[in-house]
Amino acid sequence: MIRVLCILGVLLAGCIDTSTIDPLERQPKYVPYAANPFFADGRAMRTPPPSTVPRERAVLRPEFTAGKDAQGDVVNAIPIPVTRALMTLGRKYFEIRCATCHGLVGDGVSLVATQMSLRPPPSLLRNKNTGPGHVYQVITGGYGLMASYAAELNPEERWAVIAYLQALQRSQGAQLADAPPDVRAQLLKESSP
Ligand code: HEC
């Protein structure tokens with residue numbers, strides 16, 4: 001019985017109002033959007049001074065932030081180093097943000113696609129116009145019926161998605177000869193019954 005109570009206690013801990021046990025949550029403070037008569041506008045939240053930019057925001061790098069060079073031309077290469085970490089990030093965000101419509105391997109096969117009769121999401125593997133800079137514009141500003149994903153993905157995450165998309169384009173429909181010799185031997189071994 002005690003064991004059952006203990007397990008129940010652990011399971012229900014998430015449902016309890018934690019302010020009963022956590023004094024920090026009970027301390028006097030202003031929560032976001034609360035009123036505060038101390039300020040003339042009656043609001044607790046302060047407007048940042050004009051022209052303030054977040055410290056994390058990348059500026060003066062249009063090829064990274066806008067996918068365009070200083071002349072305003074769309075870039076044709078990924079402007080940051082393509083590392084394994086970037087690829088892993090790209091896979092994560094491609095699968096969360098893009099695969100729902102364009103399919104897990106980018107071939108346009110998804111449940112959502114079967115329901116989009118007006119203009120189904122195209123395969124991104126055979127699309128002739130999928131240069132990195134163009135895809136960056138599509139993610140940032142949307143394209144036709146596709147919405148912008150600028151609010152969901154910051155510039156680095158967008159380039160990561162593009163790097164992963166390039167890997168998908170190379171891997172889907174790749175020939176055995178495209179693999180390095182050691183990987184080739186491994187693949188042959190795996191495919192033989
Ligand atoms: C809600 C479904 C949906 C999601 C999610 C989605 N797309 Fe799309 N996408 C579409 C549709 C529909 C089109 C075709 C739009 C048109 O032609 O009007 C499209 C078109 C495209 C194109 C082709 C543009 C061209 O030049 O032909 C690219 C590239 C693309 N999407 C990339 C992405 C990427 C990358 C993501 C993830 C960040 C993504 N899409 C997420 C539905 C989606």
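Both backbone and side-chain heavy atoms feed into the values below; hydrogens, waters and symmetry mates do not. Order of listing sets the numbers, starting from 1, for every ligand and every atom in it. Since the model is a prediction, treat every value here as computed from it, not as a measurement.
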Would Arg46 and Phe39 count as a cation-pi pair here, with the cationic atom under 6.0 angstrom from the ring centre and within 45° of the axis? yes
Proximity flag Val112 to ligand 1, non-hydrogen atoms under 4.0 Å: no
For ligand 1 and Arg119, I'd like to know whether there is a polar contact (N/O to N/O, distance under 3.5 Å). yes
For atom 18 (O) of ligand 1, closest protein heavy-atom neighbour: Leu145 N, 2.8 Å
Does ligand 1 have any atom sitting under 4.0 Å from a heavy atom of Leu118? no
I would like to know whether Met87 and Gln166 meet side-chain contact (heavy atoms from CB on, under 4.5 Å); could you show each step before the answer? CA-CA 10 Å; Met87 277 290 182; Gln166 290 192 327; 5.9 Å; no
side-chain contact (heavy atoms from CB on, under 4.5 Å) between Asp107 and Gln172: does it pass, once the steps are laid out? CA-CA 9 Å; Asp107 57 0; Gln172 301 304 303; over 6 Å; no
Protein heavy atom at shortest distance from atom 11 (C) of ligand 1: Pro121 CA, 3.7 Å
Any link between Leu176 and Val183 through a network of hydrophobic side chains (Ile, Leu, Val, Met, Phe, Trp, Tyr) touching at under 4.5 Å? yes
Checking side chain to side chain contact (heavy atoms under 4.5 Å, CB included) between Tyr149 and each of Ile139, Thr140, Val161, which is the one that passes? Ile139
Tell me if the CG atom of Leu60 is crowded by more than 12 foreign heavy atoms within 6.0 Å. no
Between Leu124 and ligand 1, which part of the residue brings a heavy atom under 4.0 Å of the ligand: side chain, backbone, both or neither? side chain
With a cutoff of 4.0 Å, is Arg158 in contact with ligand 1, counting heavy atoms of the residue only? no
To the nearest 0.1 Å, how far is atom 13 (C) of ligand 1 from its closest protein heavy atom, and which atom is that? Pro122 CD, 3.4 Å
Within 4.0 Å of some non-hydrogen atom of Arg97, the atoms of ligand 1 are 5 (C), 37 (C), 41 (C)
Below 4.0 Å, non-hydrogen atoms only: which portion of Met116 touches ligand 1? Side chain, backbone, both or neither. side chain
Please determine if atom 8 (Fe) of ligand 1 has an N/O/S atom from Met146 lying under 2.8 Å away. yes
Are Glu157 and Lys92 close enough, and set up right, to give a side-chain contact (heavy atoms from CB on, under 4.5 Å), and what steps lead you there? CA-CA 10 Å; Glu157 289 159 356; Lys92 175 177 155 193; over 6 Å; no
Closest non-hydrogen protein atom to atom 3 (C) of ligand 1, residue and atom name please, with distance? Cys101 SG, 2.7 Å
So Ile80 and Glu156, side-chain contact (heavy atoms from CB on, under 4.5 Å) or not? Walk me through it. CA-CA 8 Å; Ile80 50 173; Glu156 191 194 8; 4.1 Å; yes
Record the part of Val138 in heavy-atom contact with ligand 1 below 4.0 Å; permitted values are side chain, backbone, both and neither. side chain
Pairwise side-chain contact, His102 with Ser123, heavy-atom cut-off 4.5 Å (strictly under): no
Identify, by atom number and element, the atoms of ligand 1 in contact range of Thr100, meaning under 4.0 Å from any of its heavy atoms. 5 (C)
When you look for heavy atoms under 4.0 Å from ligand 1, do you find them on the side chain of Ala147, its backbone, both, or neither? neither
Side chain, backbone, both or neither: Tyr143 near ligand 1, heavy atoms under 4.0 Å: both
Distance from atom 35 (C) of ligand 1 to nearest protein heavy atom, with residue and atom: Cys98 SG, 3.6 Å
Does ligand 1 come near enough to His102 that some N or O of the ligand is less than 3.5 Å from an N or O of the residue? yes
Between Phe64 and Arg61, is there a cation-pi geometry (under 6.0 Å to ring centre, at most 45° from the normal)? yes
Which ligand 1 atoms does Ile139 reach within 4.0 Å, using its non-hydrogen atoms? 35 (C)
Please classify the Leu153 to ligand 1 contact at 4.0 Å (heavy-atom distances, strictly less than): side chain, backbone, both or neither. side chain
Heavy atoms, side chains only, cut-off 4.5 Å: are Leu168 and Phe94 in contact? yes
So the atoms of ligand 1 within less than 4.0 Å of a heavy atom of His134 turn out to be 24 (C), 25 (C), 26 (O)
With the 4.5 Å side-chain cut-off for hydrophobic clustering, are Val74 and Trp159 part of the same group? no
Would you mind running through ligand 1 and noting each atom that sits below 4.0 Å from a heavy atom of Gly144? 18 (O)
Starting from atom 23 (C) of ligand 1, which protein heavy atom do you reach first, and at what distance in Å? Asn127 ND2, 3.6 Å
Return the orientation label for the Tyr143 and His134 ring planes: parallel under 30°, perpendicular over 60°, tilted otherwise. perpendicular
Between the side chain of Arg43 and the main-chain N/O of Ala35, is any donor-acceptor distance below 3.5 Å? no
